[in-house]
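Each remark here refers to the structure printed beneath this line.
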Amino acid sequence: MTSETIMKGLRSSEDGDGGGLTRARSLGWGGIALGIVAFVITLPPFEVRTAAPSHVIALIAIAMGVVAIRGGERRLGGGAIAAALFGGLGAYGASHSGVSHLEVVVSWSALTAAMLRYATPLTFAALGGLVSERSGVVNIALEGMMLMGAFFGAYGADKTDSWVGGVLIGVLAGMALAAIHAVFAVSLRSDQIVVGTGLNFLALGLTGYMYVDTYGANGTPDNLPAVPDINLPTDSLGFLGQALSQLNLLVWGSLLAVVLVWVVVFRTRLGLRLRAVGENPRAAETVGIGVFKVRYAAVITSGGLAALGGVFLSIGFVHSFSQNMTAGRGFIALAALIFGRWRPGGLLAATLLFGFSSALAQRLPEFSPQLATLFQALPYVLTLIAVAGVVGRSTPPAADGVPYTREGK
């Protein structure tokens with residue numbers, strides 16, 4: 001088996017993943033789109049005040065979903081049916097609510113901007129998980145690496161009096177924790193789930209102790225240097241332009257990171273080597289690829305990316321640090337990675353979905369406190385769904401989570 005054989009096999013498997021756009025797939029995606037349309041037409045600026053048109057559209061979406069399921073696309077067909085039910089129920093609630101309440105809750109520019117902000121830490125962490133797992137190492141310690149980035153980002157910004165210093169120190173802290181994970185998971189071949197869980201507790205205890213020891217009851221300074229916002233002259237481009245007109249630098253950084261990770265992992269020779277190690281490390285080593293070297297680099301890079309998510313939370317979003325401020329976002333990022341089937345585009349869509357539910361929850365108390373509470377729990381519910389595999393079969397890299405032992409050792 002030659003190096004070119006492995007590389008060509010990986011190229012063909014990645015390019016062929018998901019198949020073509022068949023009639024069943026087209027119907028499934030069309031049903032999902034119609035389910036969304038059924039809800040959207042009852043919201044500003046359309047504000048259709050009766051649910052009847054939405055229910056007709058939802059029924060068509062259900063029919064398309066059923067046909068898609070019969071055509072073999074069970075995942076997309078089920079998604080179309082779910083979208084239709086959501087659209088029909090949402091349309092009923094929106095059409096029976098006051099227009100003034102709807103206009104306060106559904107401000108598309110504010111919702112879009114908030115969605116991007118809430119999705120940013122998840123996107124960085126999920127990208128970190130992708131790089132690590134594509135090399136064959138499960139990184140359940142993303143939560144701890146985010147927390148390290150959050151604390152040391154704030155600490156570094158405070159001590160260096162510069163947000164750049166905060167970003168660098170936060171990223172290095174996440175990479176240091178990731179290096180510990182690599183030693184246990186790669187060199188010592190320990191159980192990767194157990195090691196990751198232990199590192200999460202280590203990060204929680206270490207950051208909590210240092211926070212109390214350094215800042216005490218006063219907390220981080222009010223004048224903590226913050227990552228700047230980027231002001232763009234896009235207000236004239238409708239709600240999307242207004243949403244993009246004043247976003248934090250790290251929000252744009254997360255979107256750029258999605259593109260960069262996609263290019264590196266799926267369009268470069270370095271990425272082919274990474275995926276070869278994650279799919280068949282034995283074959284990769286026979287053609288001269290250093291399995292341990294690649295996995296160490298991937299895990300440490302993963303820690304840096306996850307830490308960027310934590311840095312954004314502390315000095316890009318909240319502008320302070322509090323104990324356990326990541327609040328499970330690392331685990332939601334893992335769910336987004338599964339949702340996205342270990343691909344950058346898919347995980348971005350999943351993090352935007354989680355971000356939208358969080359953004360909407362912040363505005364729903366104006367309309368219904370009960371719905372606000374429900375939507376705040378939605379990211380965690382979606383996490384359980386992803387882990388349980390209800391959304392469809394997602395296959396990780398073949399060697400993901402499997403320690404590698406060299407021949408003769």
Enumerate the side-chain hydrogen bond (donor to acceptor under 3.5 Å, both in side chains) contacts for residues 160-171, please, sequence neighbours excluded, ordered by first and then second residue. none
Residue list, ring-ring contact (aromatic ring centres under 6.0 Å, His included) with Tyr404, at least two apart or on another chain: none
Using the rule side chain to side chain contact (heavy atoms under 4.5 Å, CB included), only one of Ile69, Leu34, Ile81, Ile32 pairs with Met64; which is it? Leu34
Between Arg295 and Pro281, what is the shortest heavy-atom contact and its length? NH2-CG, 4.0 Å
Quick one: pull up CH2 in Trp108 and CG in Leu240 and give me the separation to the nearest 0.5 Å. 12.5 Å
Quick one: which residue pairs count as a ring-ring contact (aromatic ring centres under 6.0 Å, His included) with a foot in residues 110-140, not counting sequence neighbours? Tyr118-Phe317
At what distance, to the nearest 0.5 angstrom, does OG of Ser54 lie from CG of Leu59? 11.0 Å
What pair of heavy atoms forms the shortest contact from Met325 to Leu313, and how long is it? CE-O, 3.9 Å
Can you sort out the partners of Asp400 under side chain to side chain donor-acceptor pair (under 3.5 Å), two or more places apart, ordered by chain and number? none
On a heavy-atom basis, which atom in Gly149 and which in Val311 lie closest, and how many Å separate them? O-CG2, 3.3 Å
Listing request: all side-chain hydrogen bond (donor to acceptor under 3.5 Å, both in side chains) pairs with a residue in residues 318-335, at least two apart in sequence or in separate chains. Glu143-Thr326
Could you list the donor-acceptor pairs under 3.5 angstrom formed by side chains in residues 344-352, with sequence neighbours left out?
| from | atom 1 | to | atom 2 | distance (Å) |
| --- | --- | --- | --- | --- |
| Thr351 | OG1 | Thr123 | OG1 | 3.0 |
| Thr351 | OG1 | Leu347 | O | 3.2 |
| Thr351 | OG1 | Leu348 | O | 2.9 |

Closest heavy-atom pair, Gly156 versus Ile169, reported as atoms and distance to 0.1 Å, is CA-CD1, 3.5 Å
Qualifying side-chain hydrogen bond (donor to acceptor under 3.5 Å, both in side chains) pairs with a residue from residues 243-255, counting only residues at least two apart or across chains: Asp229-Asn248, Asp235-Ser245
Minimal heavy-atom distance between Thr207 and Leu204, with the atoms involved, is OG1-O, 3.4 Å
Can you measure from CG (Leu334) to CG (Leu122) and round to the nearest 0.5 angstrom? 10.5 Å
Nearest heavy-atom pair of Ala150 and Ser314: which atoms, and what distance? O-OG, 2.8 Å
In a table with atom names and distances, give each donor-acceptor pair under 3.5 Å that connects a side chain of residues 255-263 to protein atoms at least two apart or in another chain.
none

Could you tell me whether the side chain of Phe354 reaches within less than 4.5 Å of the side chain of Met115, counting heavy atoms only? no
Sequence neighbours left out, what passes side chain to side chain donor-acceptor pair (under 3.5 Å) with Ser187? Give chain and number order. Tyr296
Around atom CG of Asp222, are there more than 12 heavy atoms of other residues, nucleotides or ligands at under 6.0 Å? no
Considering only residues two or more places apart or on different chains, which pairs with a residue in residues 168-211 satisfy ring-ring contact (aromatic ring centres under 6.0 Å, His included)? Tyr211-Phe321
Distance (rounded to the nearest 0.5 Å) between Thr220 OG1 and Ile315 CD1: 11.0 Å
Just to verify, what does Gln192 make a side chain to side chain donor-acceptor pair (under 3.5 Å) with, not counting sequence neighbours? none
For Ser302, give me all partners under side chain to side chain donor-acceptor pair (under 3.5 Å), at least two apart in sequence or on another chain. Asn139
